[in-house]
S.K.: 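Let me give you the structure first, and then I'll get to my questions.
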Amino acid sequence: MKTDTGAREPVLILAIETSCDETSVAVVKDGCEVLSNIISSQIETHRAFGGVVPEVASRKHVEVITLVIEEALSAAGVRPQELTAVAVTQGPGLVGALLVGVVAAKSLALAWGKPLIGTHHIAGHIYANRLVKELKYPGMTLVVSGGHTELVHMEREGAFRIIGRTRDDAVGEAYDKVARALGFPYPGGPHVDKLAHEAEEAFALPRVWLEPGSYDFSFSGLKSAVLNAVNQSKMKGLVPDVAGIARGFQESVVEVLVEKAIRAVREYHAEQLLLCGGVAANKGLREALIRRCGIEGIELVIPPPVYCTDNAAMIGAAAYVKWRHEGGIPLDMVADPGYSLEKWSVSAY
């Protein structure tokens, strides 16, 4: 186990994130102070295809990775020799995209003589919360993104146990599919969120609770209900109530997410509820959680939007936890598109 001692030099980690369609590099000090966080987004490129094309994403990462690394170091005012370690998203994610970051990180670690820290993408999203507030344990995290919807219990620092997950579509994926059905471009989530706040009334849509006591989620049935509502209106020669459907969809999603998260906090006696992932930027979800946690007396931590979507600062924050307890890993580390969050947990101490 690697632990901090009294007086010491600050831990400066250069972190690289290339799991999907953002090329990001950051320099993070002591796991909580962001010295730089450069993000090169590919949204405009993939919008033409209606979603992320893995091969295109990989090529874009290759095109900009060197420039983003240089910009991150320059913005942080840090020289390579001053770094403590190099961290990179090891998984999960698109395998081609992950490989670009992993190869870049290995090359830098070898060239600069620095330790390498393989980091879990979802651990990064969770520890993005430490960039805004010190975390307390045990804690509960609601992970909501394009590829993940999970409730994660953390008994201690760096230890993760998934107590609930989606059985089909992730919530971000459901938002994008519903947005497409309502006629909005990729990425669709922000459009649905905005329209939901403009609607006067919500179109009635089902809530999917699954078995009593279950912390799992399911959004495919809700997505199908939206498609049916749109198609039935068109078959009758009517214009679908797009705003009402958007509000009904969002209210259904938010109610289930909030209720299960609050119940999990109570059952597991969590000190905090953390929200993370790209959908954590959703205004409706943030407002509902803030309101409900205020009523319940639960401490809620939500990162600002820049740390909700994929970014390297969150990878630096999670890598710091791994570094403190286990140090670096061998350079023969491989990208793992199906990397388990629970497997990445730090060793008991």
Side-chain angles (χ1 to χ4, degrees), residues 1-17 22 24-39 69 71-79 82-90 105 114-143 152 154-160 270-278 280-281 286 299-328 341 344-347 349:
M1 177 182 72
K2 191 177 185 65
T3 58
D4 292 325
T5 56
R8 59 168 179 79
E9 292 294 320
V11 175
L12 296 176
I13 295 177
L14 178 95
I16 299 174
E17 154 62 24
E22 273 92 20
S24 182
V25 180
V27 178
V28 180
K29 178 181 176 181
D30 293 335
C32 61
E33 183 180 347
V34 181
L35 303 185
S36 66
N37 185 38
I38 308 303
I39 304 171
I69 291 169
E71 188 174 350
L73 285 170
S74 176
V78 172
R79 296 171 297 172
E82 296 175 298
L83 294 170
T84 305
V86 177
V88 65
T89 302
Q90 187 175 353
K114 303 295 180 180
L116 178 68
I117 308 170
T119 309
H120 195 282
H121 181 73
I122 299 303
H125 275 303
I126 292 171
Y127 274 91
N129 287 279
R130 191 170 180 266
L131 298 174
V132 296
K133 193 166 189 178
E134 193 62 37
L135 303 189
K136 301 175 183 177
Y137 303 95
M140 185 64 62
T141 301
L142 175 61
V143 181
V152 182
M154 295 186 294
E155 181 62 34
R156 54 183 172 80
E157 182 180 68
F160 310 97
E271 294 287 333
Q272 290 174 325
L273 174 60
L274 313 180
L275 180 65
C276 69
R286 293 168 81 99
E299 184 177 353
L300 174 66
V301 185
I302 308 177
V306 68
Y307 297 142
C308 292
T309 53
D310 291 349
N311 66 93
M314 70 182 196
I315 300 303
Y320 175 77
V321 173
K322 198 74 166 178
W323 170 256
R324 284 209 317 123
H325 296 291
E326 297 181 3
L341 175 61
W344 190 81
S345 294
V346 302
S347 303
Y349 57 93

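Residues take their numbers from the sequence shown, with the count starting at 1.
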S.K.: Can you tell me how far OG of Ser74 sits from CD1 of Ile69, rounded to the nearest 0.5 angstrom?
M.R.: 13.5 Å
S.K.: Short question: side chain of Ser345, backbone of Ala159 - any donor-acceptor pair under 3.5 Å?
M.R.: no
S.K.: Hey, could you give me the CD1/CG distance between Ile126 and Leu275, rounded to the nearest 0.5 Å?
M.R.: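 Rounded to the nearest 0.5 Å, the CD1-CG separation comes out at 11.0 Å.
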S.K.: A side-chain contact here means heavy atoms from C-beta on lying under 4.5 Å apart; do Leu274 and Met154 qualify?
M.R.: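 When only atoms from C-beta onward are counted, Met154 and Leu274 do touch, with a gap below 4.5 Å.
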S.K.: Of the non-hydrogen atoms in Ala105 and Val88, which two are nearest, and what is the gap between them?
M.R.: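 Closest heavy-atom pair between Ala105 and Val88: CB-CB, 3.5 Å.
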S.K.: Is there a side-chain contact between Leu73 and Arg79, using heavy atoms and a 4.5 Å cut-off?
M.R.: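 In short, these two side chains do not touch, never coming nearer than 4.5 Å.
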S.K.: For Ala72 and Val27, work out which heavy atoms get closest and say how close.
M.R.: O-CG2, 4.0 Å
S.K.: For residues Val86 and Lys114, report the shortest heavy-atom separation together with the two atoms involved.
M.R.: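 Residues Val86 and Lys114, closest heavy atoms: CG2-CB, 4.3 Å.
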S.K.: So which atom in Ala76 and which in Ser36 form the shortest heavy-atom distance, rounded to 0.1 Å?
M.R.: CB-OG, 3.6 Å
S.K.: Do Ile16 and Ile315 touch side chain to side chain, with heavy atoms closer than 4.5 Å?
M.R.: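 Ile16 vs Ile315: side chains apart.
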S.K.: Is there a side-chain contact between Ile117 and Tyr320 in this structure, where contact means two heavy atoms from C-beta onward sitting under 4.5 Å apart?
M.R.: no
S.K.: With under 30° as parallel and over 60° as perpendicular, where do the rings of Phe160 and Tyr127 fit, or are they tilted in between?
M.R.: perpendicular
S.K.: Taking His125 as the fixed residue, which of Asn311, Asp310, Thr141, Thr309 is the one that meets the side-chain hydrogen bond (donor to acceptor under 3.5 Å, both in side chains) rule?
M.R.: Asp310
S.K.: Looking only at heavy atoms, what is the nearest atom pair of Ala313 and Val28, with distance?
M.R.: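 Here Ala313 and Val28 meet closest at O-CG2, 3.7 Å.
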S.K.: Within this structure, what is the CE-OH distance for the pair Met314 and Tyr307, rounded to the nearest 0.5 Å?
M.R.: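 So the gap between those two atoms works out to 12.0 Å.
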S.K.: About how many Å separate CG of Leu35 and CD1 of Ile13, when rounded to the nearest 0.5 Å?
M.R.: 11.0 Å
S.K.: Applying side-chain hydrogen bond (donor to acceptor under 3.5 Å, both in side chains) between Thr89 and each of Glu17, His120, His121, report the one that passes.
M.R.: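 Among the candidates, only Glu17 passes.
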S.K.: Going through the distances and angles, do Lys322 and Val346 end up as a side-chain contact (heavy atoms from CB on, under 4.5 Å)?
M.R.: CA-CA 6 Å; Lys322 198 74 166 178; Val346 302; 3.9 Å; yes
S.K.: So do Pro305 and Arg286 actually touch side chain to side chain, heavy atoms under 4.5 Å?
M.R.: yes
S.K.: For residues Asn37 and Ser24, report the shortest heavy-atom separation together with the two atoms involved.
M.R.: OD1-OG, 3.6 Å
S.K.: Here's a test for you: under salt bridge (Lys or Arg N to Asp or Glu O under 4.0 Å), which of Glu271, Glu157, Glu299, Glu155 qualifies with Lys136?
M.R.: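 With Lys136 as partner, salt bridge (Lys or Arg N to Asp or Glu O under 4.0 Å) holds for just one option, Glu299.
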S.K.: Return the CG to CG distance between Leu273 and Leu300, rounded to the nearest 0.5 Å.
M.R.: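 Leu273 CG to Leu300 CG: 5.5 Å, rounded to 0.5 Å.
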S.K.: Only one of Glu134, Arg130, Lys133 forms a side-chain contact (heavy atoms from CB on, under 4.5 Å) with Cys32, so which one is it?
M.R.: Arg130
